[in-house]
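Taking it in order: structure first as structure tokens, then the write-up.
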Amino acid sequence: MRSAGFLNLPSWKERFQEILIKMGRSDLLKLPLLGRENSDNTWSAFDKEEFYSLVQTGICFTGRPLSDYPERVITSNASLALERLKKNLSKNTFYSAAMGGTFPFIKILSDCSISKPVKFYVQNDAFSGLVLSIMEKDGKSFEEAVCDARWRINSDDNNNFNLHGICCLNRLALQIAEIFGCFINPDKILCRGINNLSNTDIEIAKELGLSVRLIGVVEYDGRSLKVIAEPCIMPGRYFLAQARGGSEIIYLKTEDGQSHVYACPGSSQESIVRGIVKDLDYSSCHENKELKIIDEVKDFENRFYLRFNLINITDTLSELLKIFARTNIEIEKIYQPKVSHETIEGNQLVIFTNPITRNKLNSAIETIANKLKLASLKADFRIIDRG
């Protein structure tokens with residue numbers, strides 16, 4: 001085994017020790033630790049110069065970034081992993097623990113000779129999934145659901161990365177690298193969080209037998225890459241909609257037409273340690289493959305759910321439909337919700353489009369905002385209803 005050491009330790013040091021002992025890996029408690037200020041009775045800590053002379057593989061948890069790193073890095077920090085991939089250090093960067101709870105299935109994909117993956121859907125952020133599940137099941141407001149979710153998982157974090165979709169996005173970029181062997185800068189991926197989500201849309205979705213979930217969708221044919229990371233509406237019977245209570249789930253399709261589904265509890269302290277240990281054992285005798293760099297992301301064509309508030313509904317709807325017609329957007333159906341369909345601002349109306357790209361939709365929305373002051377768009381979601 002190449003010499004390994006800890007660049008830092010998680011804030012949950014005692015739990016970390018317990019998990020290693022439970023796994024039968026108490027040998028890892030003897031690895032050197034960077035920084036004598038972190039020393040206690042368990043860890044053998046070394047000054048910087050001495051540590052780097054001993055260690056070729058650095059194990060890094062989330063925390064303050066360092067100025068330099070050893071040759072190889074094993075990390076649970078998605079941001080660090082992505083920065084290294086940007087610098088073409090993929091061969092010596094191992095990030096199973098940064099991909100979330102689905103990493104065992106993703107590693108199996110990498111290690112086994114199943115048919116080539118072509119597309120996957122993933123709910124990879126258990127906290128956002130838990131918030132949405134609470135809103136849907138218990139009828140709580142977004143703010144109440146966030147507080148409830150924090151209480152259930154005993155979180156002291158403000159969870160902004162989860163609520164704004166950054167956790168989903170970063171994990172998705174790493175999952176793309178692992179599954180497809182290519183790297184795309186997360187800045188180029190369309191990403192939206194659940195921080196502006198309204199209970200009204202959760203209620204309307206339930207009326208229609210649908211659910212809202214924050215998911216990543218990726219399709220890659222070896223040439224062009226399509227990616228999104230955003231809240232989507234889907235039938236409540238779908239596997240992705242069934243991942244409730246803070247779970248993660250991935251649904252993957254291969255070129256031979258087969259489907260593979262893996263569901264698991266959300267990322268936890270134990271899953272993080274298991275990811276670290278998995279990479280430590282693997283990296284001792286392997287290098288990762290070099291990644292193909294992808295410069296451009298293409299959009300999917302999907303149906304869209306659009307919720308408007310309309311004043312003077314008959315005339316305004318007529319003008320709204322004319323704008324859609326002029327921008328070549330076909331309307332599949334119009335629905336007036338039973339829940340909260342009248343507001344101070346006017347009448348609520350939901351429009352379902354035929355498949356279009358978001359760029360085309362955004363162009364029409366901009367025209368509506370400029371020319372039709374009696375119509376106000378309150379929400380828009382992709383509809384995921386076809387593989």
After noting the C-alpha distance and the side-chain angles of Phe308 and Leu317, does the key distance pass the side-chain contact (heavy atoms from CB on, under 4.5 Å) rule?
-> CA-CA 10 Å; Phe308 288 92; Leu317 177 59; over 6 Å; no

Kindly indicate, with the supporting measurements, whether the criterion side-chain contact (heavy atoms from CB on, under 4.5 Å) is fulfilled by Tyr95 and Glu178.
-> CA-CA 9 Å; Tyr95 44 82; Glu178 193 72 17; 3.3 Å; yes

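Using a 4.0 Å cut-off between charged side-chain N and carboxylate O, Lys206 and Glu203 make no salt bridge. Residues Arg152 and Asp138 are paired through a salt bridge, judged by an N-O separation under 4.0 Å between the basic side chain and the carboxylate. Looking at Glu287 and Lys91, a side-chain N of the basic residue comes within less than 4.0 Å of a carboxylate O on the acidic one, giving a salt bridge. In summary, Asp279 and Arg72 do not engage in a salt bridge, as defined by a charged side-chain N under 4.0 Å from a carboxylate O.
Here the OG atom belonging to Ser271 is positioned 8.5 Å from the CD1 atom belonging to Ile19, to the nearest 0.5 angstrom. In this structure, Asn196 CG and His164 NE2 are separated by 7.0 Å, a value rounded to the nearest 0.5 Å. From Ile365, atom CD1 reaches atom CD1 of Ile329 across 7.5 Å, with rounding to the nearest 0.5 Å.
Both the sub-6.0 Å distance and the 45° axial angle are not jointly satisfied by Lys292 relative to the ring of Tyr220.
Side chains of Arg274 and Val277 form no contact here, defined as non-hydrogen atoms less than 4.5 Å apart. Contact check for Asn92 versus Arg84: side-chain heavy atoms found under the 4.5 Å cut-off. The side-chain heavy atoms of Leu320 and Ile351, taken from C-beta on, include a pair separated by under 4.5 Å. You'll find the side chain of Phe183 reaches within 4.5 Å of the side chain of Lys86, heavy atoms only. Between Arg382 and Arg192 the shortest side-chain heavy-atom distance does not fall below 4.5 Å.
Among the candidates Asn302, Asp380, Asp299, the single residue satisfying the side-chain hydrogen bond (donor to acceptor under 3.5 Å, both in side chains) test with Arg358 is Asp380.
Criterion: ILVMFWY side-chain heavy atoms under 4.5 Å apart, direct or through other members. Under it, Leu169 and Phe161 are not part of a common hydrophobic cluster.
By the ring pair (Phe, Tyr, Trp, His ring centres under 6.0 Å) test, Phe6 pairs with Phe16, Trp43, sequence neighbours left out.
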